[in-house]
Each structure stands twice: as structure tokens, then as C-alpha cells.
Amino acid sequence: MSITVTLPDGKPLELADGATGADAAAAIGAGLARAALAVQVSSGIGDGSAGADGQATPGELRDLARPLPDGASIAIVTNKSGDAALSLIRHDAAHVLATAVLQLYPGVKISIGPSIENGFYYDFEFPDGVSISEADFAAIEEHMRAHIKSAEPFERVDIPVAEARERFVAEAQDYKVELIDDLVAAADANHPLDTVSLYTNGPFTDLCRGPHAPSTASVGAFKLQSVAGAYWRGDSTRTMLTRIYGTAFFSKQDLEDYLERLEQALARDHRKIGRELGLFFFSELSPGSPFWTPAGMVIWNGLTELWRAENRKRGYREVSTPILYDAELWKQSGHWEKYRDNMYFTEVEERPMGLKPMNCPAHIQIYKEQRRSYRELPIRYSEAGLVHRHEPSGVLHGLLRVRHITQDDAHIFCTEEQVQDEVVQCLRFGFSIYALFGFQVRLELSTRPDQRIGSDELWDRAEGALEGALRAEGLQFDINAGDGAFYGPKIDLHMTDSIGRSWQLGTVQLDYSMPERFDLKYTGADNAEHRPVMIHRALLGSFERFIGILIEHYAGELPLWLAPVQAIVLTVSDRVRAYAESVLAELTARGIRAELDDRDESIGRKVREAELKKIPFMLVVGGREADEQTVSVREHGAQRAAQDGSGSGQASDGAQTLSLDAFQALLEAAGGRIPVG
RNA sequence: GCCGACGUAGCUCAGCUGGUAGAGCACUUCACUCGUAAUGAAGGGGUCCGGGGUUCGAGUCCCCGCGUCGGCUCCA
């Protein structure tokens with residue numbers, strides 16, 4: 001008896017019946033056999049063991065020690081196999097972590113420990129009175145290293161469910177028992193659960209679907225990174241477990257490279273850059289609400305100008321509305337019912353009032369101020385609307401998660417027939433803005449949540465309209481079921497920041513409910529009253545968050561048109577101070593944001609400080625420039641210049657001598673003006 | 001909100017097992033008058049997050065609160 005499998009190059013390989021992945025690797029070559037970690041089985045008949053549902057799914061990773069199904073296509077996975085291989089050893093590392101923790105902290109309860117993007121974690125419940133911190137990592141890592149060094153094989157056994165359950169009950173591993181019970185509950189007649197798989201390495205046995213590398217030795221280099229609380233099964237009503245995060249790589253070099261990248265990402269952190277460049281800061285006196293400095297306001301105003309011009313171009317009309325309202329308004333809108341916990345309330349002369357967390361009810365007031373005809377629609381109102389939301393203290397994060405939020409908000413009131421067109425226009429509008437900054441955007445369609453207002457028929461129509469708009473544009477999108485706003489479904493526009501976190505920028509939300517709640521109407525061509533549809537739309541999301549994202553995206557080196565200071569005049573000595581002042585005045589008169597550094601410091605120091613402040617242009621003026629009425633222009637990021645002393649047109653490497661006219665032309669060619677077209 | 005860590009000069013941080021607070025940068029002044037990433041010297045500057053407690057004595061130990069950071073939940 002023999003079986004035949006197909007190798008990645010299409011060649012068949014004949015093996016003895018019952019041959020394993022390891023046998024296949026050995027048949028191909030001794031080197032491959034040594035390097036093999038697992039085997040990818042692409043099709044064929046399952047081996048009947050638990051966990052698999054009869055058929056191997058395409059690309060399923062399996063232990064080397066398991067028999068191969070006849071007729072399968074296989075690929076031996078080694079440390080050259082990329083992400084799949086990395087994720088395999090990170091899962092191995094999670095088991096090694098649990099092994100060490102169980103040894104060091106008897107009585108600990110284990111739960112789950114998967115590999116994740118960039119690493120792995122394991123969640124534990126430590127015995128009462130025991131808590132661990134990063135200070136304990138050294139001891140844990142030392143134990144982990146010992147287990148890796150002794151190359152403990154990962155041994156799989158498939159045992160009857162009842163036997164496994166008994167085992168974990170005996171060990172008081174409650175979470176494992178719960179997992180088994182849930183697996184049983186999820187099984188049905190078509191997919192009965194007879195056995196579960198356990199993996200053992202050294203002293204540690206875990207309920208685990210696998211696969212694993214042949215032994216712990218495959219974990220080449222690892223590091224524990226942080227400890228955090230995490231709810232069991234992500235449910236905030238259940239126990240808070242202790243999660244230990246770590247990462248693992250095949251080589252020490254890879255690990256070091258990764259840690260180096262993490263550090264570089266930290267250098268882009270908008271909170272750090274914001275402080276260093278003096279753009280904004282936070283105070284304990286108003287948590288979650290940024291204070292903007294004059295420099296930061298240049299960025300803010302630049303964006304606002306762009307936003308205003310682009311909105312006007314697209315038929316939006318700007319409005320401005322109050323921030324404090326009678327609580328009755330929030331009852332009518334549904335915010336009181338669904339969103340109260342996130343709102344700020346106060347009393348004004350015994351009258352309950354609330355700060356707006358959204359602008360929609362305010363814009364509705366403007367709509368309602370007059371009778372509306374179908375001829376007016378669509379009506380598009382925009383507002384840089386200041387809203388306040390009580391974000392829980394634990395989620396505040398610099399500018400990216402604040403309580404004081406200035407949305408680039410807009411509401412479109414239109415007929416049902418106009419909805420799709422309007423949504424499409426909103427999306428295109430968003431893409432054109434993002435294109436200015438080179439953002440990669442991901443779209444998400446969020447559908448009806450549990451907590452919602454409005455009938456199912458309304459939701460059907462609204463969800464259908466949004467999906468229709470996405471399909472009409474041929475756009476790719478993910479569906480995020482149940483994540484819509486309480487009044488309607490939405491299309492969210494997300495981007496990923498420099499350290500891999502995903503942030504929502506814009507949102508386009510469809511709303512049939514508010515118009516009903518507020519009894520909005522328009523008179524149709526038939527002279528009858530009709531209900532308009534509302535579209536809520538933000539593209540930057542909020543000015544706060546967007547600026548935070550921009551800072552990280554550009555690592556503080558903002559596009560020239562947003563740079564708080566575009567050029568700084570640096571004096572070589574105080575003998576040219578008068579000339580430098582005239583240069584500054586002339587630059588300012590030309591609408592260039594310029595500053596002057598005429599301190600009694602060396603030119604080297606002034607250049608260094610201007611470089612650290614990431615000022616795009618440094619204009620050095622000394623005796624030569626004063627005589628010739630020029631400036632020596634050095635661009636930010638220029639190579640460290642060598643002395644030259646030639647005194648010719650090129651003052652030194654990386655700098656060129658220009659008239660102010662020529663400098664202005666250079667600056668404008670480099671994008672010094674707001675890109676409104 | 002939940003778990004954990006952290007909170008010392010404007011910034012970055014040191015301060016051992018409790019004995020009355022320190023460095024670098026920044027700031028001020030003086031000298032230097034300088035050519036593209038740090039000139040030198042001197043000086044000023046601290047409710048050690050806030051409030052309780054233990055102690056002869058608390059930046060240091062304990063409790064409570066606030067804030068920040070990393071996660072979890074949440075982000076309507």
C-alpha cells in the first residue's frame with residue numbers, strides 16, 4: 001500500500017501508507033527534513049481526527065507527525081515560509097510562556113494563547129493576591145529559554161472529550177473546561193465532537209487545535225513585551241484575566257530589527273512630536289481636551305481652510321450652531337435614551353441641559369426653520385462642529401481619542417431618489433481629500449446594531465442604499481455587521497497609522513429615523529408632503545484626530561502648506577541683524593510663514609535647532625548675503641554640509657544662494673500654498 | 001469603566017534597604033561676532049501629582065483620589 005501526494009512543483013511523491021509530513025520532508029531531502037516545521041495540506045481526504053471537519057480545508061497547516069491523506073497537495077513549511085511559519089512558532093512560544101508561568105506560579109489558571117499579528121499572548125488568571133508586572137518578565141523569560149533550549153517535542157494526542165474534560169476538572173483548569181463544554185455545545189449531528197486534541201511539551205499540556213512545530217527549539221528568539229488586563233472571552237461582564245504579550249522570531253537579528261522598528265514608530269508618536277514642536281498639549285485640568293498653541297493652530301487653520309473651500313466647491317453651505325441644548329432635544333433625538341452615558345449634562349436655572357455629542361439635531365433645527373420644497377433638495381449643511389463626548393477615561397489617547405471633538409461635519413437632506421448619488425459624491429469627496437495626503441483607505445459597511453431606533457423596513461432600505469452606492473462605484477468593502485449608528489447604517493473610511501493601528505477617519509451614515517423623530521418634511525412636485533432622508537457625513541473625522549494622524553503619517557514633517565513655520569532666517573553674526581530683519585519682513589509681506597533666529601549663537605547651533613524643529617527651509621544670512629541681497633537656502637533634511645569656504649554661488653553643500661523672488665518661487669513650487677483647486 | 005504600571009525642575013530622567021532633592025538639555029546673564037546639526041562660563045528654577053496614614057523623620061512605606069501610559073471593553 002502506498003499513497004501519492006503532489007509537491008508544490010507539481011511532481012507526485014509516492015510514500016508508504018500512513019506516511020507523515022516528516023516522512024515526506026525526509027523523502028525530499030535531509031536538509032528539508034531538518035528545517036521542516038509543519039506541512040501545508042491543500043486538499044484531499046481528511047484523516048478523521050477531531051478538529052478537522054472531514055475535509056482538509058485549502059491550505060491547512062498540520063503537524064509533521066500526522067499521517068498525510070492520499071492525493072493531497074502538500075508543501076513543507078520551514079522558517080523560510082513567511083507569515084504562516086512565524087505565526088506557527090509564535091503559537092509555540094505562547095505554549096512555552098504558559099509552561100514557564102505554570103511552573104513559577106502554581107495555581108495559575110490558563111485560558112487561551114494564540115499567535116497574533118506581530119506576536120502572541122497568553123491569558124492567565126493568577127491566584128488571589130498575585131499580580132505580575134514587567135519586572136517579573138526576566139524570571140519568566142529565563143524559564144522559557146530553558147524549555148526552548150531543551151527542545152521539548154510538541155506531542156499531540158487526540159482523546160475522548162469526556163476524558164479531556166475530566167483531566168482539566170481534576171487540574172481545576174476552569175477555563176479549559178468551559179472551552180470544552182462550548183465545543184460540545186457547538187457540535188451537532190453532522191459534525192459530532194468525539195475527541196479533542198491536546199498538545200504536550202515538557203511538563204505542560206494544553207487543550208489546543210494545533211498545529212505546532214516539532215519542538216520548542218523552533219522558537220529562535222523571543223521577548224515578552226507587556227502585561228495587560230483582558231476580559232475572559234472579551235466580555236466585560238466576565239473575569240478580567242492577565243494577558244502577557246510577547247513576540248517571537250526565527251532569529252535574534254529579526255527580533256532586534258523588529259524592536260528597532262517599534263522604537264522608530266514610537267519616535268513618530270504624535271504626542272511626542274506635538275510636545276517637541278510645541279503644537280498642542282494636554283492638562284490635567286481638562287482631560288481629553290487638547291490645548292492648541294499658535295504653532296498648532298497654523299495646522300488647524302490650514303486644514304480648516306482646505307475643508308471650507310472643498311465643501312463650498314461641492315455645494316455645501318456652512319452653518320454654526322450652539323453646543324448647549326435643552327435636554328428635551330436629546331430626548332426627541334433618541335440620544336437621551338441610547339447615548340446618555342456618553343453625554344455631559346448640566347442645569348441652567350433649574351432647566352436640564354446637555355452638551356451636544358453630535359451636530360445632527362442642531363442642523364435639523366435649521367432645516368425646520370422654514371418650509372422646504374423638493375426644488376431645494378438636496379440641502380447640504382457643513383459645520384466645523386464642536387461636540388463633547390464623555391469617552392471613558394481608559395480610552396483617551398492623545399489627539400486620537402478625545403472628549404472635545406471638532407468634527408468636519410455635514411448633513412445632507414435629500415429625497416430618497418437622491419440618496420445613492422449623494423452617498424457616491426461623499427465617498428468621492430473623501431477619496432479626493434485623502435489623496436492629498438497619500439492615505440490608503442479601507443471601507444467598512446456597518447449594519448444595524450442591537451441598540452437602535454427605527455423599523456426593520458427602514459433599516460432594510462438604508463442598508464440597501466449604502467450597499468448600492470458602494471457597488472455602483474465598484475468599491476471593495478468589508479461588512480461590519482451590527483456596528484451601525486443607532487439611527488442608521490454607515491460606511492466608515494479607515495486608515496492605518498505608522499504603528500499598525502487602524503483609525504476611523506470619515507463616515508457616511510444614512511438616516512431615515514431622525515427625519516421621522518423630528519417630523520421633517522418637504523413639499524413634493526405633487527404638492528404633497530414628503531419625508532426627506534438625512535445623510536450624516538464627516539471625512540476628516542475630527543480635526544483633532546486628523547491632525548494626530550497627519551503628524552504620525554509624516555513623522556512631524558508636515559506638507560509645506562501646513563508647516564507652522566515654513567522658513568527661518570538664521571544670522572551668522574549680529575552684524576547682519578538689520579538685513580535679517582528686513583528679510584523676515586519681506587517674507588512675511590509675501591505671505592510666507594517665517595521666523596528669525598538672531599540670537600548670539602553659532603550658526604551651527606541655529607541650524608541644528610531648526611533641523612530638530614523640522615522647519616522646511618533655513619535661510620542663512622551673513623555678510624555675503626547682506627551685500628548681495630540674497631539668502632543661503634538650506635532645506636530641512638539636507639546632508640550635513642561640509643565646510644567649503646569657496647565663497648562662490650554655492651555657499652556649501654546642500655545650500656544654494658537665492659534672491660527672495662527665487663526663494664518664493666522655490667517655496668511655491670514645493671507646495672507652500674493650500675492645495676485647493 | 002476594567003486590569004497593570006507610572007507620576008521628581010519647562011523637557012528627558014537619576015535618587016540604593018526611609019535621614020531633609022540631583023544631572024543633561026532648556027531658561028537668564030556675561031564673554032565670544034562666529035558660514036550650514038550643540039562656543040564657553042556663571043546663575044535662577046522643585047507644593048517630589050493631590051489628600052490622609054505609619055514613623056523621631058516620608059520623594060521613598062501603606063490607603064484613597066486625580067492624571068498619564070500599555071492593553072481589554074467601548075467608540076453611538
Side-chain angles (χ1 to χ4, degrees), chain A residues 121 123 126 131-135 225-245 269 271-272 275-276 278 281-288 333-335 337-343 357-358 360 389-398 400-402 405 446 449 451-453 483-488 490 492 503-504 507 509 536 541 545 570-577 600-612 618-625 632-647 651-655:
Chain A
Y121 67 79
D123 284 349
F126 284 86
S131 76
I132 68 153
S133 72
E134 290 177 24
Q225 292 173 292
S226 63
V227 55
Y231 297 110
W232 168 232
R233 306 207 128 173
D235 182 342
S236 60
T237 64
R238 306 202 60 179
T239 317
M240 170 82 49
L241 304 172
T242 301
R243 174 171 299 177
I244 298 177
Y245 282 97
D269 191 309
R271 293 166 298 188
K272 180 177 154 71
R275 190 171 47 242
E276 286 169 354
F281 62 90
F282 289 89
S283 159
E284 291 196 9
L285 297 173
S286 187
S333 68
H335 286 86
E337 189 192 347
K338 305 288 181 196
Y339 199 63
R340 193 178 10 183
D341 290 347
N342 291 301
M343 287 179 62
M358 299 185 199
C360 32
R389 299 180 183 183
H390 179 248
E391 302 287 345
S393 56
V395 308
L396 298 178
H397 183 94
L400 300 186
R401 192 78 185 264
V402 290
I405 306 165
S446 295
Q451 287 255 315
R452 62 176 183 264
I453 56 178
D483 206 38
F486 71 75
Y487 47 75
K490 58 180 184 173
D492 285 336
W503 295 100
Q504 181 186 322
T507 185
Q509 312 182 341
H536 308 240
R545 170 176 286 182
L570 309 177
T571 51
V572 171
S573 81
D574 65 5
R575 292 196 180 122
V576 292
R577 197 169 267 163
D600 289 341
E601 292 289 352
S602 68
I603 188 64
R605 161 173 291 245
K606 294 181 196 178
V607 166
R608 175 182 154 79
E609 290 183 5
E611 287 284 358
L612 291 176
M618 283 148 272
L619 310 183
V620 175
V621 297
R624 273 200 304 275
E625 288 79 9
S632 169
V633 179
R634 175 191 163 109
E635 287 189 46
H636 170 60
Q639 290 297 313
R640 285 167 187 242
Q643 298 283 39
D644 85 351
S646 71
S652 63
D653 287 349

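All values derive from a computational prediction rather than experimental measurement. Letters A, B, ... are given to chains in the order of the sequence lines, protein chains preceding strands, and every chain is numbered from 1.
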So does [X] reach the base of [N] with its side chain, donor to acceptor, closer than 3.5 Å?
X: A:R401; N: B:rC75; result: yes
X: A:Y231; N: B:rG71; result: no
X: A:E625; N: B:rG35; result: yes

Select one nucleotide: of [options], the one nearest the side-chain heavy atoms of [X].
X: A:S393; options: B:rG1, B:rC75, B:rU33; value: B:rG1
X: A:L612; options: B:rA37, B:rG67, B:rG70; value: B:rA37
X: A:S133; options: B:rC75, B:rC72, B:rG4; value: B:rG4
X: A:P392; options: B:rG1, B:rG67, B:rG35; value: B:rG1
X: A:D574; options: B:rU33, B:rC72, B:rG35; value: B:rU33
X: A:R608; options: B:rC3, B:rG35, B:rA38; value: B:rA38
X: A:V607; options: B:rC3, B:rU33, B:rA37; value: B:rA37

Please list, pair by pair, any protein nitrogen or oxygen found under 3.5 Å from a nitrogen or oxygen in nucleotides 44-50 of chain B.
none

Sticking with atom C1', work out how far B:rA9 lies from B:rG15, rounded to a whole angstrom.
14 Å
Taking only residues two or more places apart in sequence or in another chain, which ones pass salt bridge (charged side-chain N to carboxylate O under 4.0 Å, His left out) with A:D600?
A:R577
Residues forming a salt bridge (charged side-chain N to carboxylate O under 4.0 Å, His left out) with A:R575, sequence neighbours excluded
none
Name the pairs: protein N/O against N/O of nucleotides 39-43 of chain B, kept only if under 3.5 Å.
unit_1 : atom_1 : unit_2 : atom_2 : d
B:rU39 : OP1    : A:S602 : OG     : 3.4
B:rU39 : OP1    : A:R605 : NE     : 2.7
B:rU39 : OP2    : A:S602 : OG     : 2.5

Residues A:D492, A:K490: salt bridge by 4.0 Å N-O rule:
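Counted as a salt bridge, because a side-chain N and a carboxylate O are separated by less than 4.0 Å.
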At under 4.0 Å between heavy atoms, what does [X] touch on the DNA or RNA strands: base, sugar-phosphate, or nothing?
X: A:Y245; value: sugar-phosphate
X: A:M618; value: nothing
X: A:A228; value: base

Under a 3.5 Å cut-off for both contacts, is B:rA5 paired Watson-Crick or G-U wobble with anything, and if yes, with which nucleotide?
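By the stated definition (distances under 3.5 Å), B:rU68 pairs with B:rA5.
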For B:rG40, the Watson-Crick or wobble partner whose two distances fall under 3.5 Å
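Matched B:rG40 with B:rC30 under the 3.5 Å cut-off.
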For the pair made of [atom1] in [X] and [atom2] in [N], what is the distance, rounded to whole Å?
X: A:Q225; N: B:rC72; atom1: CD; atom2: P; value: 13 Å
X: A:E609; N: B:rC27; atom1: CD; atom2: C1'; value: 12 Å
X: A:L396; N: B:rC2; atom1: CG; atom2: P; value: 14 Å

Under the ring-ring contact (aromatic ring centres under 6.0 Å, His included) rule, collect the residues that match up with A:F126, sequence neighbours excluded.
A:Y105, A:F124
To the nearest 0.5 Å, what is the distance between NE2 on A:H335 and CE on A:M358?
3.5 Å
Which atoms of nucleotides 9-16 of chain B (N or O only) lie under 3.5 Å from a protein N or O atom, and what are those distances?
unit_1 : atom_1 : unit_2 : atom_2 : d
B:rU12 : OP1    : A:R275 : NH2    : 3.1

